[in-house]
Amino acid sequence: MRAFSYVRPQTAAAAIEAFAAAGAGARYIAGGTTLYDLMKLDIEQPKHLIDVTAVQGMDAIEIRGDQLRFGALVPMSAIAADPGVLREYPVLAESLARAASQQLRNMATVGGNLLQRTRCLYFRNGAGGTSAGNTYPCNKRDPGSGCAAIGGADRGQAVLGQSASCTAVSPGDWPVALVALDAHVEVLGQSGARSIAVADLYRLPGKTPHREFELKQGEMITAIVVPKTPAGACSTYYKICDRESYAFALASAAVALEMDGGVVKQARIALGGVATVPWRATAAEASLAGRTLTPELALAAGHVAFADAKPGRDNGYKIELGARTVADALMIAAGRNAA
Ligand code: SF4
């Protein structure tokens with residue numbers, strides 16, 4: 001057991017100040033469903049916890065005007081069951097409903113969910129760092145130590161966006177749906193508030209896989225904002241896992257369509273479970289524009305989405321699985337157009 005301090009401020013400004021005052025080793029905590037896990041594995045070793053669950057004004061779901069706005073402290077389960085979100089943006093509700101377990105969805109917040117760390121087996125099971133005598137090198141956990149997954153057991157690893165330093169999959173479902181809808185996050189830090197596209201929140205691993213998010217020291221996500229789109233209602237989040245519940249995606253697709261009869265006016269496609277960041281499939285989107293959607297065209301678009309995929313030792317199956325996941329998601333979403 002490592003000692004740490006704990007405070008529970010009442011306002012966002014007080015939380016920012018508490019983080020700054022705590023200095024190195026500070027972490028925000030809300031639902032705790034990721035951070036406590038990583039502390040038990042000794043991967044995260046915070047010296048100061050800033051509990052933000054009492055912060056006022058960060059727990060509302062607002063669907064109004066030209067946007068949906070979710071406070072960062074809203075539990076995953078609340079959005080998954082919200083009638084307005086279910087009706088108008090099923091891709092958002094489904095991405096949350098298909099994640100984790102009901103107990104975890106009740107605890108975990110939609111802000112914290114965006115900052116989950118990878119489930120790469122070597123990252124999680126090699127806790128303590130190579131300097132502590134661990135078997136597995138991991139550049140994300142212990143920068144410069146190497147990557148045990150490259151050439152190792154990589155069945156769950158990424159086929160898109162990898163680098164020579166890291167092939168770990170971005171684990172979330174919710175961020176994939178948000179990227180498909182061009183959502184952004186509002187963040188607050190010592191230098192004030194700013195907005196970041198969810199697609200820009202995630203860094204490709206490159207040579208620095210330990211730097212995962214485009215957040216400055218001490219910045220906190222306060223809200224998630226989704227611009228309204230006519231494609232919202234004609235959408236789905238389709239996820240393939242080793243088992244039906246409480247499992248991370250082997251491949252997933254967030255799809256939203258704007259249709260004119262059977263013709264695709266606009267397609268939005270993002271991929272999960274196959275890439276190092278939530279992955280927007282823009283070439284696949286373009287391949288559908290102005291064309292009548294059929295199962296054959298949907299599968300062709302799926303293959304376009306994986307045209308640049310590079311398999312490792314054991315994960316080549318993700319390329320065809322991913323293409324078929326995209327195709328099925330497209331047909332499910334299109335079916336909602338007729339509903
Ligand atoms: Fe670590 Fe990334 Fe390699 Fe996994 S893939 S062992 S997280 S460096």
Side-chain angles (χ1 to χ4, degrees), residues 25 27 33-46 99-100 108 112-176 179 198-215 239-242 246-252 270-280 306 308-319 321-322:
R27 290 282 187 281
T33 53
T34 287
L35 186 58
Y36 287 141
D37 254 6
L38 295 175
M39 288 168 69
K40 284 188 273 188
L41 289 169
D42 214 21
I43 294 170
E44 290 276 0
Q45 299 160 0
N113 182 280
L114 295 176
L115 304 179
Q116 283 188 86
R117 304 195 70 192
T118 185
R119 310 302 290 196
C120 172
L121 297 174
Y122 299 107
F123 172 77
R124 295 177 68 83
N125 290 346
T130 49
S131 56
N134 261 301
T135 312
Y136 304 120
C138 172
N139 289 321
K140 193 182 282 296
R141 175 174 30 78
D142 192 9
S145 63
C147 173
I150 296 176
D154 65 359
R155 178 177 177 271
Q157 301 297 109
V159 294
L160 291 165
Q162 321 94 299
S163 73
S165 299
C166 181
T167 63
V169 160
S170 183
D173 299 299
W174 167 239
V176 178
V179 164
V198 175
D200 295 335
L201 182 63
Y202 299 92
R203 295 172 58 97
L204 286 164
K207 293 180 179 174
T208 55
H210 59 290
R211 297 185 59 205
E212 296 167 302
F213 307 107
E214 287 289 352
L215 290 175
K239 177 177 176 180
I240 304 298
C241 315
D242 276 329
Y246 199 16
F248 287 85
L250 296 172
S252 71
L271 311 176
V274 293
T276 52
V277 295
W279 194 267
R280 188 79 180 257
F306 285 84
D308 295 329
K310 293 183 177 58
R313 192 186 79 181
D314 302 326
N315 62 356
Y317 73 96
K318 285 195 174 192
I319 296 175
L321 178 68

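Whatever order the structure lists ligands and atoms in, that order sets their numbers, starting from 1.
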- Task: Please confirm whether the backbone N or O of Arg124 pairs with a side-chain atom of Tyr136, one donor and one acceptor, at under 3.5 Å?
- Result: no
- Item | Every N, O or S from the protein that is nearer than 2.8 Å to atom 2 (Fe) of ligand 1 | Cys166 SG
- Message: I want to check something: taking the side chain as every heavy atom from C-beta on, are Val159 and Phe306 in contact at a cut-off of under 4.5 Å?
- Response: yes
- Task: Taking Ser252 for its side chain and Ala249 for its backbone only, find out whether a donor-acceptor pair lies under 3.5 Å.
- Result: no
- Query: What closest approach, in Å, do Ala158 and Asn315 show between heavy atoms, and which atom pair accounts for it?
  - Reply: O-ND2, 3.3 Å
- Would you check if the side chain of Lys318 reaches a backbone N or O of Gln157 as a donor-acceptor pair within less than 3.5 Å? yes
- Query: Would you find a donor on one side and an acceptor on the other, under 3.5 Å apart, between the side chain of Lys140 and the backbone of Pro205?
  - Reply: no
- Item | Per-atom contacts, ligand 1 versus Gln157 - under 4.0 Å to a heavy atom | 5 (S)
